[in-house]
Structures are given as C-alpha cells and as structure tokens.
Amino acid sequence: MKLKEEVNKVIQTAFQKTGIDAQPINVSEATKPEFGDYQFNGAMALSKELRKNPREIASGILENLDLSGIVSKAEIAGPGFINLWLNDNVIAEKCREAREDKRLGVSKKSAPIKVVVDYSGPNMAKQMHVGHLRSTIIGDTLSNLLEFLGDEVIRQNHIGDWGTQFGMLIAYLEERGEDGSGSLKDLEQFYKDAKKRFDEDEAFADKAREYVVKIQGGDEHCLNLWQKFIDISLGHCEEVYDKLCVRLTREDVKAESFYNEDLPEVVADLAEEGRLKESEGAQCVFFEDEEIPVIVQKGDGGYLYATTDLAALRYRANILGAKRISYVVDARQGEHFRQIFKVAKMSGFVPEDVKLEHVAFGTMMDKGGKPFKTRDGGTVKLIDLLDEAVVKAKAAIKEKDDYSEEEVERLAKIIGIGAVKYADLSINRESNYIFNWDKMLSFEGNTSLYMQYAYARIQSIFRRYRGEIKGSVVITDVLEHRLGVMLLRFEEVLDRAAEDAAPNQITTYLYELVTLFMRFYEQNPILKEGVDEEVKLSRLVLADMTAKTIKQGLDILGIDVVDKL
RNA sequence: GCACUCGUAGCUCAGCUGGAUAGAGCACCCGCCUUCUAAGCGGGCGGUCUCAGGUUCGAAUCCUGACGGGUGUACCA
C-alpha cells in the first residue's frame, strides 16, 4: 500500500473530471503540519500552459475532489497550493491492517529483479581498516533493503587476493618455515615484516617475484600456501563481519582470482571488436571525448584492476543475470567506474538494459578534517575501532544503571556497534564526514540509541500491560493522526531509499518517527488511569506498530534492538 | 592545467527530481520527574543557505562564472 499513490489517484481523478490533461500527478509530503499531510503544487506549474490563474485551476480541482475516501479535507493556500488532509478513519484502519501484517503493510515489488551488490572488498594482504567500514555497512544495508523489498540480491565480496604482494607474503611464510596458523594472528605485523624483508633484501625480493609467477602458473605447493593464507585472512574478516552484524558470508566471496582465466578473453574480445589500441606499449580502450584511456593490459603483458572489473561486470550481467549492479566503493574511484561502465556498455559486455551504478561514498575524517588515522599516522584497524566502541558503550551503561556483567556485555555490543553503524549510515553517503566518538556515543539526537531507547520504552509498556494487543485504532488527536500517517509512509521511504541507494533516508525517517512518537507518548497516556479502554487499546496498537517499524528499519540497517535498556 | 565533488546556525549535519516563514542535534539560557524508562519532553537564543549573475510566477535546490576546501588525473587496487 503506497499512501502517496493513493493520494495521487484522488487528484488524478479530480483532474479528469475537470477535463484538464495533466502530466503525471505527484503530491509531496506537506512541509509543515499546518499545511496538512500532503500537498499538491501542480496548479502553479500548469498556470502558464493553461493561461489561467493558478488559484482558479486549484479551485477547479477542489470542486471535483472526492473527499469521501482517503482525502477528507483540502484547502487552497498561497499562490495555488492545494493542501490535503487524510481521513482519520482511513488512516486508523490502514494502521491496524499494517500492524497485523508481517511486512508492516510494505508490499513486495511486483517486478523484482536480480541485483548484484558489490561491497566490502577487503585486501587479503592486510587487516581491514576504517576505510572498509563504509563500503561494508552501506553495501549491507542496500542489500538488506532490496531484499526486503523483494529483489533477488546477490552479494559479492570482491576480495583482493591476487597480486604481487602475495608472492612476498608466501616467500616470508616459507622463510619462517611455518604453516602460517601461528604467525598470521597479527596480519598487519606479518605484512609489515614481510614488506621490510622485501625492501631490504634483494634475494628475498627476487624469491617473492618467483612465487608470484609460480602462483599464477598454478604451482600446487604455492597455491596451497596461498590458499591457506587466504583462509586465515578471510577468517579475520569474518570476525569483523560478525562483530559488525553484517550478513556477508563465505558464499558471497568472489575473489579477484576468480576472474583470472577470463582476463585474456576480455582483452581478446575487445581486440576482436577493434576497440583496442596500443599506446606506449599498453593495450588501451580510448574514448572519443576523453583523453585518458582505460588500460586493459600493461606493457609487460600483465592485467589490471580495470581488466578484472570488466570480467566481473560481464560475469555479473551475463552469468548471474543481474539487471542492476551496484558498486559500493569510495567516491575517489568515480572516474574508474565511469570509464569501465562505458567500456562495458559499448563493447556489449553488459546489455543496455542493465543498470550500472557506482554507489559512491565520502571519506571518514578526523576532528581536524584530515583523513582518519592513528596518532602515529597509521590506518586505524576496523576491529580496534569496533572494540573501542563496545568499551565506550560499556562505560556509558555502567554509569547509568546497574546491570549484571553478562547484561552489560550484551547491551554494550548492541549499543556500541549500533552507534558506529548508525552514525555512518545517517550521513548522506556522498559527503565526507567527521568521525567523532563523543558525538557518536553521546546518544542524543539522531542516534541509534535514541531509537533503541524508544523501542525499549515501548516494550516496557507491554510488559506492564501483559494483555494481548489487539483492536482497532481510533484517532483522537492531531499527534495520533500524524503518527499514523508517518507510520504508513514507511513503504514510500524504503522505496525511495532503495532507488537512491541512500541509507540516510531511512535514518531520517526513523528519527522523525521516533521524535513524533516521543511527543505522542508524552502527551497521550496509555496505561494511566482514566484512559478509555478503546483508546488504550488503540494507543497500544499504535505503540506496537511504532516499535515494529523501528525494529524493521534498524534491521535493514543491520542494527539490533533491545527490550530493556 | 583539466575533470569531479563539497561550501547551509558557534560546532556536527538534514533538506537538493524547484514550492509557502530554510530544519535537527550539540553548545548556551529557561521550564517539566510522588503517575507508562528524564539516555525523555516543551520553550528560548542562533542563518544575507560562500559570492555574483541567469532561468522561473517561485531558487539553498537548476544553469554560468568567481572564491575557498577535498579528490582524481594511463600501465597500483
């Protein structure tokens, strides 16, 4: 059920009766409560075309407006706005229905598609660092969201497991005569040590290069070591995913190496089509309108990032059958994606009707507005950041109330990790943002804890009430009305967020919803004495619907709720 | 140099498919706990939406230019 569409229809019908052939009708949410629930601004736009005063057009529509259904009141305001109020009874009934529905009244897409979401993509040679946070959680949210709306989502974790650094790592592993299980515990250190050897010892470096050739040539011994290394490394990533409550699994891994055999094919196919041109020894695809080409094969015959990405695009569109392929990758790679998308489309690697998008995001900055680093200038390990979030949450919880040790432990994880994720997801993904512990864990304003707190308060009402929550909704005041409308807008918010791949549209909505509920709850007693039974039941239903919406919304963001806080 | 991107309250950010008097949170000031969790709620203070033009009935939003910040600019990923 899409509220907005229903309102659009009412206006549409009025237009038909008026005899005006209007373009697609699109009402928008009212900018202020005193302007009703929705507003229609089309009269002004039509005024020139029809050579009529916009207020005149508006009043023509008003005369033909059906006020017996979802819209119950309409007014002309200002230069020709039509403000629309929705019918209390209709809202009430829809809320009741939605609450009894598992999907909260959110319909599944009538024409679902296959979507590939490429996200996280850690490098197997190193620990995951804060730079991986955004890709991982934005990608996961987008996947959850599309899945909830009915699309078939194929998560793809394009891990970096192929390249010169692996020769170096294996050489070092060999040299130390270990099987890796011990020394790889601290991957970061292992990488650093190996790098040091590589830089200092020429013989070691040569050996490392030999290993690269061996791996790529399929040498069994080297491949075994390499595989072992990847397994351990992936295990580290999974530890992070687990902490982050991200739903990526090993099945979603489709590593760079997977496309290895297809790379010569990619180049050959491009050559066959006559798209390749040699330039300074490298094989390139040039564009008519751009100076810088895409290089698909180096002068020494090696392949590049772009080659692998083209192979991956082809695989995803043709073998996996995706109709939308979303890359959740740092904005700095915008140029790269713009170019390979162009090549993929013009070479026919990807059919015309497949939507390719770079879901770009900005960089995480420190307080001074510089890229987020440790004090000594290194990258901040993601696992350390998450652990710190939990520690800080723990401190905040202890300060507030006395819980048992296990309870503190459990809550701190949910709250701390939720805070990190929410703080990130609530920012418009394209802008850079300043990472700030104090703000993140201050738990005021638009934060995960505010949502979790509201959820817990509602659960507390139910614990006190004990009875079954069942009944119809009666709207008795303006806050109830607004809460009802807000709850019913959930679907259109999700649709739009999915379309724009914008998690912050969900957080903004949840924040507005919770703020509204807090006010409603403050002013409208539920279980207190003197509340009419029917009103009590109705308010319980609204409270329950609010809780369920918060839970569902946070679930899409990959954040848990707690029953008690 | 060229390209992309951002510039909104003291701070951190929404809003950007054009709509009415530009919104939050923090900070600061004031009020609300013997009654459903005060990690809450209400009120106040705070803005020439970087600047200059343009398009439009209407511009924070679209276009052009300037200034300022960030990023990218062929054999890394």
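Naming: A, B, ... by sequence-line order, numbering from 1 per chain. In what follows, every heavy atom counts, from backbone to side chain, and hydrogens, waters and symmetry copies are set aside.
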Quiz item: Restricting to pairs with a member in residues 446-469 of chain A, which pass ring pair (Phe, Tyr, Trp, His ring centres under 6.0 Å), not counting sequence neighbours?
Solution: Tyr450(A)-Tyr511(A)

With 3.5 Å as the limit, what N/O pairs link the protein to nucleotides 22-25 of chain B?
| residue | atom | partner | partner atom | Å |
| --- | --- | --- | --- | --- |
| A24(B) | O2' | Tyr511(A) | OH | 3.1 |

Exercise. State which residues pass side-chain hydrogen bond (donor to acceptor under 3.5 Å, both in side chains) with Lys392(A); sequence neighbours excluded, sorted by chain then number.
Key: none

Quiz item: Only one of Asp330(A), Asp424(A), Thr363(A) clears side-chain hydrogen bond (donor to acceptor under 3.5 Å, both in side chains) with Arg134(A); which?
Solution: Asp424(A)

Practice problem: For Tyr305(A) and C76(B), say yes or no: do the ring centres fall under 5.5 Å of each other while the ring planes differ by less than 30°? | Solution: no

Quiz prompt | With Asp495(A) via salt bridge (charged side-chain N to carboxylate O under 4.0 Å, His left out) - residues at least two apart | solution = Lys2(A)

Exercise. With pairs defined as Watson-Crick or G-U wobble and both distances under 3.5 angstrom, please note down RNA chain B as a dot-bracket string, | for pairing with another strand.
Key: (((((((..((((.....[...)))).(((((.......))))).....(((((..]....))))))))))))....

Quiz prompt | Nucleic acid contacts - residues 35-44 of chain A versus RNA chain B, non-hydrogen atoms under 4.0 Å | solution = Phe35(A), Gln39(A), Asn41(A), Met44(A)

Self-check item: Partner set under ring-ring contact (aromatic ring centres under 6.0 Å, His included) for Tyr38(A), not counting sequence neighbours
Solution: none

Quiz item: Taking the side chain of Thr508(A) as heavy atoms from C-beta outward, which of A14(B), A77(B), U37(B) is closest to it?
Solution: A14(B)

Quiz item: Out of C75(B), A20(B), U73(B), which has the shortest distance to the side chain of Ala282(A)?
Solution: C75(B)

Quiz item: Which residue pairs pass the side-chain hydrogen bond (donor to acceptor under 3.5 Å, both in side chains) test with at least one member in residues 292-308 of chain A, sequence neighbours excluded?
Solution: Tyr305(A)-Gln333(A)

Without placing hydrogens or testing angles, list every side-chain donor-acceptor pair under 3.5 Å for residues 497-508 of chain A, not counting sequence neighbours.
| residue | atom | partner | partner atom | Å |
| --- | --- | --- | --- | --- |
| Asp500(A) | OD2 | Arg496(A) | NE | 2.9 |
| Asp500(A) | OD2 | Gln505(A) | NE2 | 3.0 |
| Gln505(A) | OE1 | Ala497(A) | N | 3.3 |
| Thr507(A) | OG1 | Asn504(A) | O | 2.9 |
| Thr508(A) | OG1 | Asn504(A) | O | 2.8 |

Self-check item: P atoms of C63(B) and U21(B), separation to the nearest Å
Solution: 24 Å

Quiz prompt | 5'-most by nearest nucleotide on RNA chain B - Gly78(A) or Ala456(A) | solution = Gly78(A)

Quiz item: From the list U37(B), G19(B), U56(B), which nucleotide is the closest neighbour of the side chain of Lys48(A)?
Solution: U56(B)

Quiz item: Heavy atoms under 4.0 Å, any strand shown: does Glu291(A) hit a base, just sugar-phosphate, or nothing?
Solution: nothing

Quiz item: What residue pairs, at least two apart or across chains, pass salt bridge (charged side-chain N to carboxylate O under 4.0 Å, His left out) with a residue in residues 506-535 of chain A?
Solution: Glu533(A)-Lys536(A)

Practice problem: Rounded to whole angstrom, note down the P distance from G47(B) over to A9(B). | Solution: 10 Å

Tabulate protein N/O versus nucleotide N/O from nucleotides 67-69 of chain B, keeping only pairs under 3.5 Å, one per line.
none

Please tabulate, one pair per line, each protein N/O and nucleotide N/O from nucleotides 41-44 of chain B that are separated by under 3.5 Å, including the distance.
| residue | atom | partner | partner atom | Å |
| --- | --- | --- | --- | --- |
| C41(B) | OP1 | Tyr450(A) | OH | 2.4 |
| C41(B) | O4' | Glu522(A) | OE1 | 3.3 |
| G42(B) | OP1 | Arg519(A) | NE | 3.2 |

Quiz item: Just by distance, with hydrogens left out, do Arg539(A) and Thr476(A) show a side-chain donor and acceptor under 3.5 Å apart?
Solution: yes

